[in-house]
Every structure is written in structure tokens, then in C-alpha cells.
Undergrad: 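I'd like to ask some things about the structure below.
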Number of protein chains: 2
Amino acid sequence: MTDRRRSVAAAADGFMRAFTVDDLIAAARAHSPGIGVATVYRAVASMEDAGALERVGSRDGSALYVRCSVEEHHHHLVCTACGAVAHTPCPLGAPASDAAHEGFVVTSHQVTLYGLCAACATTGPEGG
Amino acid sequence: MTDRRRSVAAAADGFMRAFTVDDLIAAARAHSPGIGVATVYRAVASMEDAGALERVGSRDGSALYVRCSVEEHHHHLVCTACGAVAHTPCPLGAPASDAAHEGFVVTSHQVTLYGLCAACATTGPEGG
DNA sequence: TCCAAAATGAGAATCATTATCACAAGTAGA
DNA sequence: TCTACTTGTGATAATGATTCTCATTTTGGA
Ligand SMILES: [Mn+2]
Ligand SMILES: [Mn+2]
Ligand SMILES: [Zn+2]
Ligand SMILES: [Zn+2]
């Protein structure tokens, strides 16, 4: 774990919302001014591999990520208005046992729920 | 509905697997030799809006789509070995009622299961 | 300390997707 | 038929996120 990687991880920790790699670069530069984009992209890739980061879609052609500190397998609720993220348990009881598709071996799956967080649903966008 | 749009739709119908826009362009040119990439991208966008196409991830930086003739809300099983696609009913009973996240109003969600289709699981990749 | 392996960053390259824009085709009304 | 207007098309340029290159540090262990 290098100094740069620590900066990126800390920057990711700072977000309460979904963020882009650009967001991450800007945040990481607060503590590591000279950090390069390639380094951040590399850190993102390794954090994604490690499960510390998960991609939850994209916005204007940029990938959107959320920080996951939870170890167990889980999924996400992403507010499309303010970007707030909640981590939610996996709702799929036994996806591999779907009788209609016998023989299909599920190795991974991705569930993302989009909508409005409580704050945005009540006070409107930018309200949270 | 123009001649070009019809060609793209027909090309999409021809795929039994997930496909990229490039795949679609090549297939559409079989019947509309001069069709341009912009036109295909525009057709893809409108079919996606109409629910006739759904994006199910990406491969090497290119978006992957599947053709959906089913009208009802559903999701997909995508074979990561051969690209085979199965359409599967929505496994989420009442996603909006998750007690742990009261207040979050779910407006859309995306569920994709990746794995191996029966053929690939038994005979190995390229076996299906 | 010494060294091989891994990480870094500036910049170039890639390349999927979009934007432009001039033109073709249809449409509706006069 | 003429005209005005809208829509679709396609060649091409532009965009921009991500990846690659490569010379230069940095790291962590012996
Ligand atoms: Mn999470
Ligand atoms: Mn479908
Ligand atoms: Zn569903
Ligand atoms: Zn398969």
C-alpha cells in the first residue's frame, strides 16, 4: 500500500455519494497535489478488483463509482437526483435455481436500484 | 419508421446473443450497404428508449446490447463465455419496501446475472 | 545499503460515441 | 404544382474518457 493508493482510498472514503474518477482525482489532489490521472485510474481498478469500489452506472459518459466498506456481497440504492448511495442486502434468494433457466450457472450478478433518496423525494433535487 | 430503422431492427432480430453496436452496423449493412454509423447509433438510442433494446454491460469498452421482444419488465442472464442471452422474470418482489431504506423511492432498477449458459457450462467456451 | 520489482506521471494514443452540417426525402398547405 | 417546414441520413470532424508508453522514482525485502 503506497502513499498514492492511500490518498485515493482516503479520497474515496470522503464521498457520501456516487462519484466519478474525475471527482476522485480532484479529491485525491487535496492531499497528494501531484498525483496523476493514470495513477488514480490504476488505483480505481485495483480497488474495484478488491471489492472496495463498485461501479454503479455512468453519468455523461463517465463511470460512476461507490465506495464499499461492507465486506459481504450486497447491492446499491442510488439517488438519481443527488447521488446519495445506500448499501442494501442482496434480494436474490437463489438466482441460480431459476427453474426457467436450468443449466445456467450464475457466477456474478449486479443489482442497482435507481430512484430518489428520502431527502430528494420530499424536498426535491439538491435538497439533500 | 424508415427503411434504415427497419434494417437496424431486422439486424438486431438476427442476433441470438448480446451484441455491440459494431456488430449491429455490420449486420445492418448486409441489407442497407450504405448505412452510416451515426444512423445506427441513432436507431439504437431510439430502440433503447422504446424498450426494444437493453444494455447489459460492456466488452472491451463497447456497450453490449440485447434485443427484447418481451413487453413486460424483465431482466437478463448473460453468458460471459458465448454471449447467449436469456430473458428472466424480475426477482424483486417489492424493492421499494426495503425496511432498511424507508423513504427511498425506487424509479428503476437493473438486474443482470452473468455466468455460463448450459452449453458453455458443460462443453466449455465456444461450445455453444 | 543494494537491488529487482512495482508504482508513478507526463504525455501520446486509442477509439467508442457525439456533434456538425449539407443534403435528401417526405408532408402539408396554398 | 410550388413552397415552407420537418425529419432522417451519412461523411466527417470533434469530443473525451480511458489506456498505453516509457523514463523515472519509490518500495520493501535481502
Ligand atoms: Mn456497497
Ligand atoms: Mn430482454
Ligand atoms: Zn426487475
Ligand atoms: Zn454460453
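Fair warning: this is a prediction, and the values are worked out from it, not measured in the lab. Worth knowing before you read on, the calculation uses all heavy atoms, side chains too, and leaves out hydrogens, waters and symmetry mates.
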Undergrad: Taking only side-chain N and O atoms of A:Ser62, does any of them lie within less than 4.0 angstrom of OP1 or OP2 on D:dG16?
TA: no

Undergrad: For A:Arg6 and D:dT26, give me the distance from atom CZ to atom P, rounded to whole Å.
TA: 14 Å

Undergrad: Going by heavy atoms in the side chains, are A:Ser62 and A:Val21 under 4.5 Å from each other?
TA: no

Undergrad: Could you tell me from which nucleotide to which nucleotide of DNA chain C, 5' to 3', there is an atom under 4.0 Å from chain A heavy atoms?
TA: C:dA7 to C:dA10

Undergrad: Here's a test of your reading of the structure: between B:Asp60 and A:Ala38, which maps to the more 5' nucleotide of DNA chain C?
TA: A:Ala38

Undergrad: Going by modelled atom types, is there a donor-acceptor pair between the base of D:dG10 and the side chain of B:Arg4 at under 3.5 Å?
TA: no

Undergrad: Measure the shortest side-chain to side-chain distance between A:Ser46 and A:Arg5 over non-hydrogen atoms and say whether it is less than 4.5 angstrom.
TA: yes

Undergrad: What is the separation between atom OH on A:Tyr41 and atom P on D:dT19, rounded to the nearest whole Å?
TA: 7 Å

Undergrad: Can you tell if the side chain of A:Glu54 reaches within under 4.5 Å of the side chain of A:Glu48, non-hydrogen atoms only?
TA: no

Undergrad: Closer than 4.0 Å, any side-chain N/O of B:Thr39 to the OP1 or OP2 of D:dG10?
TA: yes

Undergrad: Do A:Leu53 and A:Val56 belong to the same hydrophobic cluster, where Ile, Leu, Val, Met, Phe, Trp and Tyr are linked whenever their side-chain heavy atoms lie under 4.5 Å apart, directly or via other members?
TA: no

Undergrad: How about B:Leu64 and B:Phe19: do any of their side-chain heavy atoms sit closer than 4.5 Å?
TA: no

Undergrad: Apply ring-ring contact (aromatic ring centres under 6.0 Å, His included) to B:Tyr65 and list each qualifying residue two or more places apart in sequence or on a separate chain.
TA: none

Undergrad: Answer yes or no: does a side-chain N or O of B:Arg42 lie under 4.0 Å from OP1 or OP2 of D:dT7?
TA: no

